[in-house]
Amino acid sequence: MKGQKNMTEVKRHVEIAGYGVYLPKNTVQFKDQTRYRVVENEETQLDLAEAAIQAALANANLSIKDIDCLVSASAVGVQPIPCTAALIHERVAKGLSIPAMDINTTCTSFISALSTMSYLIEAGEYNRVLIVSSEVGSLGLNPKQKESYELFGDGAAAFIFQASDKDKGVIASLQRTWSEGAHDTEIRGGLTSYQPKEYSEETKTNFMFDMKGKKILLLSARVIPEMFQEFQEKSGISKDAVDYIIPHQASRALPLVMDKLGVSKDKYLNIVSEYGNMVSVAVPFGLAYALDHGYVKEGDTIFLMGTAAGMTVNMLALKL
């Protein structure tokens, strides 16, 4: 597959019209690790999402009236009902009837949303779609779980994708789920499993984020290499031929995972130390970061990759 990059065919023709990100004003330091985290009652998830959307619209020189569909691709919503996209719609598109929907595969929600919506753009259902990921996961962390408490950060990132008549867009995408990892990363409380009425001092940890990092890493190490090989074959692009890889910033073990996949350090983005794991925001924020810093440019072919609770793994090849 090496050297076949220019022979691959774009299947779903979309291009980036604009993008924007937003980080909370507050930062927390854990030795050499920086985390951006909201201060409760000062910034909300909707505030972050709205700011990222406005930045994306300004970057694209568009208004919200130019958007055909609004998608919230976040792991944790603002409230159970209505969907988070409807609440974001209230902030940025109230009075308009633009459809709004949530697409959620937790940490890989942005990749799932881009894959799904690219089909609808290619089919002509929508011309221009805004996908926003926003997270304030720090509010649900358990201080007694040091591993996760020091890992996660908050933020938001928004991308506007539109139909393209150029050789740009999604070449291939692949999603797999291994549900033997379903309870290794979870928040059990808040909906029908542990209902809000069951909250008490004794049960409150069920309403906090719970992660078994070592189990997730072992499962990832077992299943991802074979899937990565399958994805290279499906896309027709090898890890040597792709221009750059933007993985989910899952943990400080990222270099170990990428090394196991045979990807050199200069070929992928690693900003865990600076930003931590921003859950669903990590991949779109990473893409924006790579664009802003010149790691990727128009015409490049990139991989977006990530693991998520479930355990779900997503991979997508995108020609910029």
Side-chain angles (χ1 to χ4, degrees), residues 10-22 44-136 155-166 168-170 173 175 191 279-281 283-285 287-288 304 306 308 310 312 314 316 318:
V10 172
K11 301 294 196 306
R12 294 163 253 161
H13 296 79
V14 298
E15 62 185 4
I16 298 170
Y19 61 92
V21 301
Y22 185 80
T44 69
Q45 184 173 353
L46 292 174
D47 292 335
L48 271 56
E50 181 180 4
I53 288 170
Q54 297 301 353
L57 289 169
N59 179 255
N61 195 27
L62 296 170
S63 79
I64 193 64
K65 293 181 180 179
D66 298 312
I67 303 301
D68 300 317
C69 185
L70 171 63
V71 179
S72 172
S74 303
V76 179
V78 174
Q79 59 190 61
I81 296 174
C83 68
T84 296
L87 298 174
I88 294 172
H89 189 292
E90 184 183 30
R91 287 290 193 99
V92 301
K94 192 173 182 179
L96 303 175
S97 59
I98 300 164
M101 67 183 79
D102 286 4
I103 295 178
N104 185 352
T105 54
T106 61
C107 290
T108 57
S109 295
F110 178 83
I111 304 176
S112 295
L114 173 54
S115 178
T116 302
M117 300 313 294
S118 66
Y119 282 109
L120 292 171
I121 293 174
E122 182 72 16
E125 182 72 13
Y126 303 120
N127 180 63
R128 191 175 287 124
V129 174
L130 190 154
I131 303 173
V132 59
S133 297
S134 58
E135 303 284 359
V136 287
F159 271 79
I160 300 168
F161 291 94
Q162 63 187 16
S164 177
D165 58 4
K166 302 171 186 174
K168 295 181 175 183
V170 178
S173 55
Q175 179 173 317
L191 295 176
V279 201
S280 70
V281 180
V283 171
F285 182 88
L287 177 55
L304 305 180
T312 289
N314 283 76
L316 183 145
L318 179 68

To the nearest 0.5 Å, what is the distance between CZ on Arg91 and CD on Gln54? 10.5 Å

Check whether any side-chain heavy atom of Leu130 lies under 4.5 Å from a side-chain heavy atom of Ile98, and answer yes or no. no

Give the table of side-chain donor-acceptor pairs shorter than 3.5 Å for residues 57-66, with sequence neighbours excluded, one pair per line with atom names and distance.
residue: Asn59; atom: OD1; partner: Tyr19; partner atom: N; Å: 3.0
residue: Ser63; atom: OG; partner: Lys65; partner atom: N; Å: 3.2
residue: Asp66; atom: OD2; partner: Ser63; partner atom: N; Å: 2.8

Residue list, side-chain hydrogen bond (donor to acceptor under 3.5 Å, both in side chains) with Asp102, at least two apart or on another chain: none

Can you name the residues that form a side-chain hydrogen bond (donor to acceptor under 3.5 Å, both in side chains) with Gln175, not counting sequence neighbours? Ser112, Asn314

Nearest 0.5 Å, what's the OH-NZ distance between Tyr119 and Lys11? 9.5 Å

The complete set of salt bridge (Lys or Arg N to Asp or Glu O under 4.0 Å) pairs with one or both residues in residues 122-132, sequence neighbours excluded, reads none

Steps toward side-chain contact (heavy atoms from CB on, under 4.5 Å) verdict (Thr312, Thr106): CA-CA 9 Å; Thr312 289; Thr106 61; 6.0 Å; no

Can you name the closest pair of heavy atoms from Glu135 and Leu48 and give their distance? O-CD2, 3.9 Å

Side chain Ser118, main chain Leu114, donor-acceptor under 3.5 Å: yes

Restricting to side-chain hydrogen bond (donor to acceptor under 3.5 Å, both in side chains), what partner residues turn up for Ser134, sequence neighbours left out? Gln45

Tell me the closest heavy-atom pair linking Ala75 and Asn104, and the distance in Å. O-ND2, 3.0 Å

Quick one: pull up CG in Leu120 and CG in Asn127 and give me the separation to the nearest 0.5 Å. 12.5 Å

For Glu15 against Ser164, the heavy-atom pair lying closest together: OE1-OG, 3.2 Å

For Ile121, is there any backbone N or O sitting under 3.5 Å from a side-chain donor or acceptor partner on Arg12? no

Please test Ser109 against Ser280 for side chain to side chain donor-acceptor pair (under 3.5 Å), starting from the C-alpha separation and ending with a verdict. CA-CA 6 Å; Ser109 295; Ser280 70; 5.3 Å; no

N/O donor-acceptor pair under 3.5 Å between Thr108 side chain and Ile111 backbone: no

Identify the two heavy atoms, one from Ala156 and one from Ala49, that lie closest to each other, and give their separation to 0.1 Å. CB-N, 3.9 Å

Per the side-chain contact (heavy atoms from CB on, under 4.5 Å) rule, which among Thr105, Ile131, Val132 passes with Phe110? Ile131

Hey, could you give me the NZ/CD1 distance between Lys168 and Ile16, rounded to the nearest 0.5 Å? 8.5 Å

Kindly compute the distance separating CD (Glu90) from CG (Leu46), expressed to the nearest 0.5 Å. 8.5 Å

Result block: side-chain N/O donor-acceptor pairs under 3.5 angstrom for residues 77-88, not counting sequence neighbours:
residue: Gln79; atom: NE2; partner: Ile81; partner atom: O; Å: 2.7
residue: Thr84; atom: OG1; partner: Val78; partner atom: N; Å: 3.0

Side-chain heavy atoms of Asp68 within contact of Gln162, under 4.5 Å: no

